[in-house]
Amino acid sequence: MNPQINGAPKIFLFLLLPAIIIQISTALPTKHQSSSPSNTQINSNSVLVALLDSHYTELAELVEKALLLPTLEAAVNRHNITVFAPRNEALERDLDPEFKRFLLEPRNLRSLQTLLLFHIVPARVDSPNSSRVDAAQNPVVRLNDVVRLDGVIHGIERMLVPRSVEEDFNRRRSLRSISAVLPEGAPEVDPRTHRLKAPAPAVPAGAPPVLPIFDAMAPGPSLAPAPAPGPGGPHGHFDGEAQVKDFIQTLLHYGGYNELADILVNLTSLATEMGRLVSEGYVLTVLAPNDEAMAKLATERLSEAGAAEQIVYYHLIPEYQTEESMYNAVRRFGKVRYDTLRLPHKVMAEEADGSVRFGSGDGSAYLFDPDIYTDGRISVQGIDGVLFPAEEAAASVTEAKPVAKLVAKPRRGMVLP
């Protein structure tokens with residue numbers, strides 16, 4: 001256990017123990033006693049008001065959470081009190097975090113009240129005898145720090161922990177370690193060999209994710225959080241949210257890509273999904289259509305449910321590509337097919353007019369603004385058209401052909417009377 005959590009030091013031991021025992025027995029609520037606020041009036045110059053407004057903010061916050069204000073108000077109206085207030089650092093940094101968590105649990109309210117009342121003496125002690133203070137354990141660092149007519153506050157180095165609270169904490173902690181059962185998944189069987197699968201080796205920090213990016217994506221157009229497969233998500237190696245926010249701001253400052261930024265942030269939750277994937281260790285290349293290309297897009301294509309997500313998915317390549325790497329690839333291999341986040345469709349790239357052209361036919365787009373944003377995790381390449389899979393592009397061309405109207409010839413015959 002943390003050395004700060006021990007039995008009470010010898011600060012006025014002759015005065016503290018009998019007084020605190022009496023104070024605790026009268027202060028703690030019983031079964032027939034309500035914790036409602038009392039009707040007594042507290043002077044604004046009271047030591048209790050000074051405690052709440054003093055620099056002992058951590059202690060004052062604990063007093064409020066322990067529901068001790070009505071009890072202390074009644075005590076101040078009856079007699080003077082002396083408060084031994086520990087420093088804020090003693091409660092923020094020096095106190096065991098597990099012990100502090102124990103005190104703030106609602107079921108441990110009585111232990112918190114006992115601990116706080118152990119720091120309050122129902123009498124005025126203006127000048128304690130320094131020979132009775134164990135300076136090695138818990139010295140008084142601020143003697144008569146706050147002085148009022150109805151009491152005084154002395155600053156001490158560390159918190160006083162009664163033995164009863166310490167025993168209660170140790171008992172709860174041992175019970176929790178006994179009763180807590182860590183969940184373990186069922187063993188997996190390899191269907192090919194019908195043997196138990198060996199556990200996967202630990203992924204070193206900074207290594208690429210184990211699962212492919214398609215397994216990390218949530219199903220459907222609505223993007224719900226998925227488990228982090230790589231080292232980036234739970235350990236914080238990559239700040240994907242900040243990187244996505246940075247590249248969207250770059251698009252806005254660059255100019256000409258406001259429509260895509262609006263789709264990513266407002267019309268869909270794709271910005272959040274991209275940030276999660278980058279945080280988990282994945283890399284992305286965004287083929288960003290400019291505003292002129294987005295303006296040519298029919299409104300009906302974006303109005304359908306999930307259409308905006310599917311369009312943007314076809315422009316996201318789960319690789320890190322720059323203008324140089326793509327141009328070198330198409331010059332060497334002619335035509336290159338890149339995977340997209342819209343399974344199973346791929347986008348084709350080829351060299352054309354000294355640049356890179358994506359797609360084919362009327363639905364093609366040229367690399368227009370290269371390397372708008374490149375930070376090692378996200379690459380943004382501006383294009384001058386909106387890309388669609390080959391099947392959809394052919395269907396849209398078919399729909400665009402005018403349909404000849406057949407005019408029915410009038411039927412000639414005798415008019416019946």
Where the side chain of [X] meets the backbone of [Y], is there a donor-acceptor pair that is under 3.5 Å apart?
| X | Y | value |
| --- | --- | --- |
| N77 | E73 | yes |
| H119 | M159 | no |
| N108 | F102 | yes |
| D96 | E98 | yes |
| D246 | A242 | no |
| N88 | H55 | yes |

What closest approach, in Å, do [X] and [Y] show between heavy atoms, and which atom pair accounts for it?
| X | Y | answer |
| --- | --- | --- |
| M274 | V244 | C-CG2, 3.8 Å |
| V386 | P289 | CG2-CB, 4.0 Å |
| L59 | A85 | CD2-CB, 3.5 Å |
| L284 | P318 | CD2-CA, 4.3 Å |
| E350 | G359 | OE2-O, 4.2 Å |
| L67 | L109 | CD1-CD2, 4.1 Å |

Are [X] and [Y] side-chain neighbours, meaning at least one heavy-atom pair lies under 4.5 Å?
| X | Y | answer |
| --- | --- | --- |
| Y56 | V63 | no |
| Y254 | V380 | no |
| L264 | V312 | yes |
| I383 | V356 | no |
| D168 | R171 | yes |
| H315 | V347 | no |
| L287 | L387 | yes |
| V47 | V152 | no |

First locate atom [atom1] of [X], then atom [atom2] of [Y], and finally report the distance between them rounded to the nearest 0.5 Å.
| X | Y | atom1 | atom2 | result |
| --- | --- | --- | --- | --- |
| E319 | T340 | CD | OG1 | 10.5 Å |
| Y338 | Q321 | OH | CD | 4.5 Å |
| I153 | F84 | CD1 | CZ | 11.5 Å |
| R142 | H154 | CZ | NE2 | 13.5 Å |
| I311 | M294 | CD1 | CE | 6.5 Å |
| R357 | K335 | CZ | NZ | 8.0 Å |

Handout entry: Contacts of K346 that satisfy salt bridge (Lys or Arg N to Asp or Glu O under 4.0 Å) - sequence neighbours left out
Key =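 Salt bridge (Lys or Arg N to Asp or Glu O under 4.0 Å) check on K346 returns D339.
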
Residues, nucleotides or ligands: over 12 heavy atoms within 6.0 Å of [X] [atom1]:
| X | atom1 | answer |
| --- | --- | --- |
| E241 | CD | no |
| E324 | CD | no |
| L252 | CG | yes |

Problem - Ring geometry between F247 and Y373 (parallel below 30°, tilted from 30 to 60°, perpendicular above 60°) - result: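 Because their plane-to-plane angle lies in the 30° to 60° range, the rings of Y373 and F247 count as tilted.
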
Exercise for the section: For the residue pair H345 and Y314, categorise the inter-ring angle as parallel (less than 30°), tilted (30 to 60°) or perpendicular (more than 60°). Expected result: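 The rings of H345 and Y314 stand perpendicular, inter-plane angle above 60°.
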
Exercise for the section: Let me know which of D291, D369, N290 forms a side chain to side chain donor-acceptor pair (under 3.5 Å) with Y257. Expected result: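 With Y257 as partner, D291, D369, N290 yield a single side chain to side chain donor-acceptor pair (under 3.5 Å), made by D369.
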
Practice task
Take L260 and I248 through the test side chain to side chain contact (heavy atoms under 4.5 Å, CB included) and record every step on the way to the result.
Solution key: CA-CA 9 Å; L260 177 63; I248 291 177; over 6 Å; no

I'd like to check the side chain to side chain contact (heavy atoms under 4.5 Å, CB included) partners of [X]; sequence neighbours left out, ordered by chain and number.
| X | answer |
| --- | --- |
| A60 | L52 |
| V283 | Y320, R377 |
| E89 | R87, R93 |
| E323 | Y327, L367, P370, D371, Q381 |

Problem - Residues which pass side chain to side chain donor-acceptor pair (under 3.5 Å) with E292, listed by chain and number, not counting sequence neighbours - result: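 Checked E292 against side chain to side chain donor-acceptor pair (under 3.5 Å); zero matches.
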
Problem - side chain to side chain contact (heavy atoms under 4.5 Å, CB included) between L117 and L68, intermediate numbers included - result: CA-CA 9 Å; L117 291 173; L68 284 178; 4.3 Å; yes

Practice task
May I have the step-by-step check of side chain to side chain contact (heavy atoms under 4.5 Å, CB included) for V286 and L316, ending in yes or no?
Solution key: CA-CA 5 Å; V286 183; L316 297 180; 3.6 Å; yes

Practice task
Go through the steps to decide whether R276 and E280 satisfy the test salt bridge (Lys or Arg N to Asp or Glu O under 4.0 Å), and finish with yes or no.
Solution key: CA-CA 6 Å; R276 185 181 61 79; E280 293 169 3; 2.8 Å; yes

Handout entry: Criterion side chain to side chain contact (heavy atoms under 4.5 Å, CB included) on V161 and F169, from CA distance to verdict
Key = CA-CA 11 Å; V161 182; F169 168 65; over 6 Å; no

